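Just below is one structure, and these are the notes that go with it.
As a basis for the values below, the full set of heavy atoms in this structure was taken, side chains included, without hydrogen atoms, waters or symmetry mates. Just so we're clear, the structure is a prediction, and the values are computed from it rather than from any experiment.
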2 protein chains.
Amino acid sequence: MTARRGRPAGASTTRANILGAARAEFSERGYDTATVRGIATVAGVDPAMIHHFFGTKEKLFLATVDLPVDPQTELRAVLTGSTDDLGSRLAARFLEVWDSPAGSAGVALLRTSLQHEWSAKLLREFLLVRALRPIIHTIHTDPTEAAWRAGLIATQLVGLVVARYVLKLEPVASADRAELAASIAPTIQRYLTGTV
Amino acid sequence: MTARRGRPAGASTTRANILGAARAEFSERGYDTATVRGIATVAGVDPAMIHHFFGTKEKLFLATVDLPVDPQTELRAVLTGSTDDLGSRLAARFLEVWDSPAGSAGVALLRTSLQHEWSAKLLREFLLVRALRPIIHTIHTDPTEAAWRAGLIATQLVGLVVARYVLKLEPVASADRAELAASIAPTIQRYLTGTV
DNA sequence: CGGATAATTCAACAAGCGTTGAATTAGGAG
DNA sequence: CTCCTAATTCAACGCTTGTTGAATTATCCG
């Protein structure tokens, strides 16, 4: 317990430990509610280390949220195939990503976005402009219509994430991923190609 | 500016002022981010008044969130009529309520629920047990199926609220209420009576 | 008119926050 | 072997927070 002062022997994993702890704390509590001291405790290091490696709490958050998922790659994968079951593929892949460890960075971003405009801006930009609109643009060329459909899809997907990962509404929270995807898919499909 | 000490002359609206300011601040910022001092400033009173009237910050929040909407009454109104367009009526009435001043109390509750388990519990209880499941129970008597359908509807409705009022995703945020309700209605209807 | 009560301001408290600077120790370069 | 740099702990700072108690003034009941 009485940690010795000064640099310890051997290689250091402190930086990675902090990032892991930060991802966990930010995604559980959101930006303000998570504390630098709390993250340091979880990581098992002195709070000063966080400033040593990341400068400020905000920079740590941005490092935490620097998504390990490349939207471009994801998009291309989902877009190959018929548009008839695009809703199904999109729903399935979406849940896969959010169920993965990468999802917790997303939850951190979402939780914080519900509290801070600067974070909400990041999320809007990512969700609409970078992810959804490009998909829809391959189906509907009219930008107004594409934006409207993208917005509708966003309501369903955001609601899914909030209900499953943040509010933990049962039975959605513990539902089987495939079953949930199957139930949501027709909704996405209608927003993509149906009457709206 | 130099407010005189002691009780002022005339009737007092302070209590109501505080409640109004609290609703605004809580719904804009969420529970922790909103401060007692900030609410007092908006209300134009001393912070001590808040404790005088409400005791603690948490009690003030609960008073703020004591919804001015009676779910029982709302339910009966929505449930009268054919089940074929129940989704449509539900979507329309839902948006009406959230567009009304009563909605900002809801947004406060939601924002806080994304941060605090005790608030999430309130919201879950309200949303699922008190609001959605009773509706579905009138259609499907199997409790497992009813719970599943209620969960699905919750994902769509929660997502609608988060996108429109919290994240302010365009074009959903400024969309015409009726048009938005019409686009969402088929989704609700399928979750109510369709194949899931 | 007198006394209880309610409304208000002010000043201060303890606790928790993010952040900083100095001290200490190890590793690596020349 | 000797510096320089990087990693770490510790102690403290200034700030903001929720909350409290005393002082002050008006209203209301008898």
Side-chain angles (χ1 to χ4, degrees), chain A residues 1-23 25-26 28-65 108 111-112 115-116 118-119, chain B residues 1-23 25-26 28-65 108 111-112 115-116 118-119:
Chain A
M1 260 314 150
T2 54
R4 216 161 109 267
R5 194 117 156 227
R7 178 171 185 164
S12 168
T13 61
T14 299
R15 207 195 133 95
N17 289 359
I18 292 175
L19 265 181
R23 223 177 306 264
E25 290 289 292
F26 280 137
E28 255 180 58
R29 308 205 210 288
Y31 184 79
D32 315 78
T33 311
T35 70
V36 169
R37 285 168 154 91
I39 293 169
T41 300
V42 171
V45 301
D46 191 276
M49 291 307 295
I50 289 179
H51 295 89
H52 180 52
F53 282 116
F54 297 95
T56 73
K57 183 185 184 182
E58 182 172 337
K59 282 184 193 155
L60 171 63
F61 177 78
L62 291 178
T64 292
V65 150
R111 266 212 156 91
T112 304
Q115 229 173 329
H116 288 292
W118 54 269
S119 177
Chain B
M1 262 310 152
T2 55
R4 220 162 106 268
R5 192 114 158 229
R7 178 172 186 161
S12 167
T13 61
T14 299
R15 207 195 131 94
N17 289 359
I18 292 175
L19 265 181
R23 227 180 299 267
E25 290 288 292
F26 280 138
E28 257 180 56
R29 306 204 212 288
Y31 184 79
D32 313 82
T33 312
T35 69
V36 169
R37 285 170 155 91
I39 293 169
T41 301
V42 171
V45 301
D46 190 274
M49 293 306 296
I50 290 179
H51 296 89
H52 180 51
F53 283 115
F54 297 95
T56 72
K57 183 185 184 182
E58 182 171 337
K59 283 184 192 154
L60 171 61
F61 178 78
L62 291 177
T64 293
V65 150
R111 267 211 155 92
T112 305
Q115 229 173 329
H116 287 293
W118 54 270
S119 177

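Between the CD1 atom of A/I18 and the C1' atom of D/dA6 there is a distance of 14 Å, given to the nearest Å. Regarding B/I39, its CD1 atom lies at a distance of 14 Å from the C1' atom of D/dT19, rounded to whole Å. In this entry the distance linking CG of A/D32 with P of C/dG16 reads 18 Å, nearest Å. The interatomic distance linking B/M49 (CE) with D/dT25 (P) rounds to 16 Å, in whole Å. Residue A/D46 contributes atom CG, which lies 13 Å from atom C1' of D/dA12 at whole-angstrom precision. Summarising the geometry, the separation between CG on A/L60 and P on C/dC17 is reported as 15 Å, rounded to the nearest angstrom. Separating the NE2 atom of B/H51 from the P atom of C/dA7 is a distance of 17 Å, rounded to the nearest angstrom. Atoms CG (A/N17) and C1' (D/dA7) sit 13 Å apart, rounded to a whole Å.
Out of D/dG18, C/dT8, C/dG18, the shortest distance to the side chain of B/V36 is found at D/dG18. Between D/dG18, C/dG18, D/dA7, one nucleotide has an atom nearer to the side chain of A/H52 than all others, and that is D/dA7. Taking the side chain of B/F53 as heavy atoms from C-beta on, and the options C/dC10, C/dA7, C/dG18, the nearest nucleotide is C/dA7. Closest to the side chain of A/T56, out of C/dT19, D/dG18, C/dA7, is C/dT19.
When heavy atoms are screened at a 4.0 angstrom cut-off, A/A40 is found touching no nucleic acid atom at all.
Contact check for B/V36 versus B/H51: side-chain heavy atoms found under the 4.5 Å cut-off. Side chains of A/F26 and A/K57 form a contact here, defined as non-hydrogen atoms less than 4.5 Å apart. You'll find the side chain of A/W118 reaches within 4.5 Å of the side chain of A/T112, heavy atoms only.
Sequence order on DNA chain C of the closest nucleotides to A/Y31 and A/A48 puts A/Y31 first from the 5' end.
How far NE2 of A/H116 is from CZ of B/R29: 10.0 Å, rounded to the nearest 0.5 Å. Rounding to the nearest 0.5 Å places CZ of B/R23 at 11.0 Å from CZ of B/F61.
Regarding contacts with the backbone of D/dT8, a side-chain N or O of A/T14 is found under 4.0 angstrom from either OP1 or OP2.
The base of C/dG16 is not paired with the side chain of A/R37 by any donor and acceptor separated by under 3.5 Å.
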